[in-house]
Amino acid sequence: MPDSSLLLSITTFAYLLCAIFYLSGVVFRVDRMLLAGTFTGLGTLALQTVGLLLRWKESYQLGYGHAPLSNLYESLVFAAWSIMLIYIILEFRSKQRVLGIFPSLFAFLAMSYASYSDQIDSKIQPLVPALKSNWLIAHVVTCFLGYAAFAISFGISIMYLIKKNQTSQATARGPAALLPDLKQLDAFNYQMIFFGFLWLSLGIITGSVWANSAWGTYWSWDPKETWSLITWLIYAALLHARTIKGWRGNRVAWLSVLGFGCVLFTYFGVNFLLSGLHSYAVK
Amino acid sequence: MPQRVGLWQSLYQSLASLKLSVFIFLALAAASVLGTLLPQGITEHELHQNFSPTAVWWIEKLGLHDLYRTGWFRSLLLLLCLNLIVCTLERFPKTLTLLRYREDHIDPQKLLKFAHHKELTSRLPWDDIQERITRTVSKEFGPVRRFDAQGSYSAIAEKGRWSLLMVYVVHFSVLIVLSGALVGSIFGFKGFMNISEGQASDQVMLTEEDQTVHLPFQIRCDNFEASFYETGAPKEFRSDLTIIEGGKESLKRTIRVNDPLTYGGVTFYQSSYGSSVRRAEVEFRDLDSGKTYQLTLPYREPVEIPGTKDRVQAMQFQQNMAQFGPALGLVLFREGLEPSGSWILVDMPQFHGNRIQNYQIKVNAVEQSEYTGLQVKRDPGVWLVWLGFVAMLTGIGLTFYSSHRKLWIWSEPTPEGKSSGKVILAGRTNKNSLAFEQDFAQLCEQLHDELNPDKKRK
């Protein structure tokens with residue numbers, strides 16, 4: 001029986017392969033490459049799911065017994081998994097394989113950062129008292145589904161801005177020609193952002209209810225909390241800006257880029273640069 | 001006073017504007033960023049240590065070290081509430097009118113101008129056409145409401161009208177959450193208490209102000225335990241607590257991190273622990289008279305040395321003072337003199353500094369006890385906050401998974417006879433028009449097949 005770390009190592013490389021397929025599919029305009037990207041992505045997602053479940057089981061064998069969502073390593077692996085899961089569903093519904101470049105790249109980056117950074121310990125560790133709660137799974141899963149949707153939306157926004165730039169220069173040839181048209185990109189972007197907003201709201205709320213049962217305060221302006229609120233505010237601004245005349249499109253795409261910057265800062269920046277209640281997420 | 005009315009009106013208009021909402025969101029975000037860059041609740045001393053006088057002046061002026069409680073940050077929140085209320089007052093009546101409005105007339109020329117529209121023809125008898133349209137649309141889309149006029153078929157089918165109301169649910173939920181927070185901050189309190197094992201207390205030190213709250217009951221810590229994993233990482237902190245009300249033990253419970261105790265509307269959370277000195281056994285030898293005194297000093301309570309007017313008090317304790325081991329800080333009060341004190345090293349009785357005035361001092365024993373640190377809270381507004389959360393999630397979730405979709409159908413028999421007719425379909429949605437486009441196309445195809453049974457599309 002293979003162990004989880006082997007499966008997760010294979011996952012890292014498989015996502016790289018997947019990203020290469022998607023990227024070359026777009027660059028060389030080969031539909032089959034894109035199809036190969038989809039199949040690699042789907043297969044890797046299945047493999048990673050098995051890896052995650054095995055890790056869960058192994059933590060029970062070690063006597064700790066907790067879901068693989070307790071530290072930076074495990075959260076990065078889960079982030080990669082969420083991004084690919086949501087992306088595959090989006091691809092299935094939208095029939096747009098081109099959108100796969102960024103999600104597969106993000107999944108690979110998250111996995112390789114988790115596996116190869118010196119700062120990150122991949123060992124299964126016991127849970128500290130603060131994390132021993134059923135809210136752990138609800139809070140982490142909801143937050144990361146939100147982050148994942150925002151990561152995909154970031155990719156779509158970048159595509160939107162590239163496409164917009166090319167269209168306005170009237171050079172609609174080259175790889176960008178394969179991209180869906182601007183109206184479609186904007187619609188996908190909106191869907192992803194709304195989906196992410198729903199999960200981020202759930203994530204903040206579950207975190208808040210958890211904090212209330214652990215520390216007696218549902219909101220304490222801890223840096224992590226505050227940054228998740230900042231992210232929420234940026235996306236709330238985006239959703240409202242979209243209904244203002246003339247804001248749809250470019251400005252929404254830029255706000256989405258800004259929003260994803262906030263997501264990254266909430267996830268990494270707060271851990272490394274600011275101190276607070278989420279200190280266990282550093283290693 | 002027409003000018004004043006104009007001023008109010010323009011103020012009202014700007015409060016109702018979406019651009020103001022976006023501005024408030026971004027301003028709140030920017031302000032929150034500032035608050036995370038500077039540690040909140042930092043003391044004045046630390047401020048002066050880390051920043052230049054000019055920077056400190058600005059930080060204190062803007063309240064950046066306690067940003068989320070400053071007037072200007074709260075004004076922003078208040079502005080958000082005003083914006084929400086005015087937007088609702090402005091738009092809600094229009095939405096209600098829209099919801100109540102029932103069309104009773106369709107102009108086929110207008111339908112042709114819709115972004116989503118389709119013209120179909122059929123060679124079936126007129127009665128059959130009408131029957132088939134109603135059947136197909138009811139099956140594929142939703143209930144059909146007919147209001148035929150002048151020999152034509154006019155109908156509307158609608159789905160998800162209520163989804164237009166969801167945005168108000170979300171907006172209202174924000175107000176509920178904020179009002180819950182307000183209720184909590186006015187009628188509740190937040191504080192902590194440190195209780196030594198075996199001791200009972202009813203005093204809560206407030207976190208945000210220098211004040212004590214007396215609980216109507218006492219809480220006793222029977223036992224505190226911390227356990228650790230083999231790696232040294234903490235595994236569990238637990239306190240066995242007893243509530244004493246009116247002199248009687250009324251409840252015994254064990255609390256852990258993530259597992260608090262609520263009694264009489266007050267909740268106790270396991271938050272920290274530590275150890276403190278209870279009493280010390282100390283030997284005083286008067287170097288002048290050669291007399292020795294054995295004293296028991298309760299921590300921080302003065303005790304008289306028998307036969308003298310000197311009083312002595314154990315003021316402080318350090319587990320390891322400058323690598324010399326544990327040390328007890330004693331102070332001697334003698335009439336007519338300033339109090340004098342010294343650190344007495346517990347493990348080094350020969351140390352020359354173990355002296356105050358004419359006394360040579362030896363610490364025989366220091367009795368310590370563990371205390372549990374409890375976070376204490378009373379928050380009568382928390383239910384409003386939870387209610388707001390539920391409303392917010394319901395609102396956002398239903399807004400995401402539903403949309404208002406409306407279909408207009410108009411049909412007329414062709415002039416030459418009652419055995420054929422033309423149909424115009426038009427549709428509109430408030431969001432996700434790409435998905436609607438697909439569904440609309442599919443519906444049109446279905447209806448086409450239904451109306452032209454002899455030449456089905458491949």
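Here the structure is a predicted model, which is why all the values come from computation and not from measurement.
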A.B. asks: Report yes or no: does B/Thr262 contribute a side-chain atom to a donor-acceptor pair with the main-chain N or O of B/Gly265 at less than 3.5 Å?
C.D. replies: no
A.B. asks: When only pairs under 4.5 Å are counted, which of A/Ser213, A/Ala187, A/Gly216, A/Ser133 shares the most heavy-atom pairs with chain B?
C.D. replies: A/Gly216
A.B. asks: Compute whether any side-chain donor of one residue and acceptor of the other, for B/Tyr168 and B/Thr88, lie under 3.5 angstrom apart.
C.D. replies: no
A.B. asks: Contact part of B/Val376 toward chain A, heavy-atom cut-off under 4.5 Å: side chain, backbone, both or neither?
C.D. replies: neither
A.B. asks: Pick one of side chain, backbone, both or neither for B/Lys235, based on which atoms fall under 4.5 Å of a heavy atom in chain A.
C.D. replies: both
A.B. asks: Heavy-atom distances under 4.5 Å only: say whether A/Trp232 touches chain B with side chain, backbone, both or neither.
C.D. replies: side chain
A.B. asks: By a 4.5 Å heavy-atom criterion (distance strictly below it), what part of B/Glu230 contacts chain A: side chain, backbone, both, or neither?
C.D. replies: neither
A.B. asks: Give, as side chain, backbone, both or neither, the part of B/Tyr401 having an atom under 4.5 angstrom from any heavy atom of chain A.
C.D. replies: side chain
A.B. asks: Which atoms of B/Asp259 come close to chain A, meaning under 4.5 Å heavy atom to heavy atom: side chain ones, backbone ones, both, or neither?
C.D. replies: backbone
A.B. asks: Consider ring pair (Phe, Tyr, Trp, His ring centres under 6.0 Å). Of A/Phe194, A/Phe197, A/Tyr235, A/Phe260, which one does A/Phe150 pass it with?
C.D. replies: A/Tyr235
A.B. asks: Given the side-chain rings of A/Phe144 and A/Tyr267, with only the six-membered ring counted for Trp, is the space between their centroids under 6.0 Å?
C.D. replies: yes
A.B. asks: Select, from A/Phe188, A/Trp227, A/Trp221, the one with the greatest count of heavy-atom pairs under 4.5 Å involving chain B.
C.D. replies: A/Trp221
A.B. asks: Where on B/Tyr229 is there a heavy atom nearer than 4.5 Å to chain A: the side chain, the backbone, both, or neither?
C.D. replies: side chain
A.B. asks: Quick check for you: among A/Leu127, A/Ile234, A/Leu229, which has the greatest number of heavy-atom pairs under 4.5 Å with chain B?
C.D. replies: A/Leu127
A.B. asks: Given heavy-atom pairs under 4.5 angstrom as the criterion, report whether the side chain, backbone, both or neither of A/Asn212 touches chain B.
C.D. replies: both
A.B. asks: When you compare the side chains of A/Ser153 and A/Ser256, does any donor N or O come within less than 3.5 Å of an acceptor on the partner?
C.D. replies: yes
A.B. asks: Where does A/Tyr190 contact chain B at under 4.5 Å (heavy atoms): side chain, backbone, both or neither?
C.D. replies: side chain
A.B. asks: Does any donor atom in the side chain of A/Ser70 or A/Gln125 lie under 3.5 Å from an acceptor atom in the other side chain?
C.D. replies: no
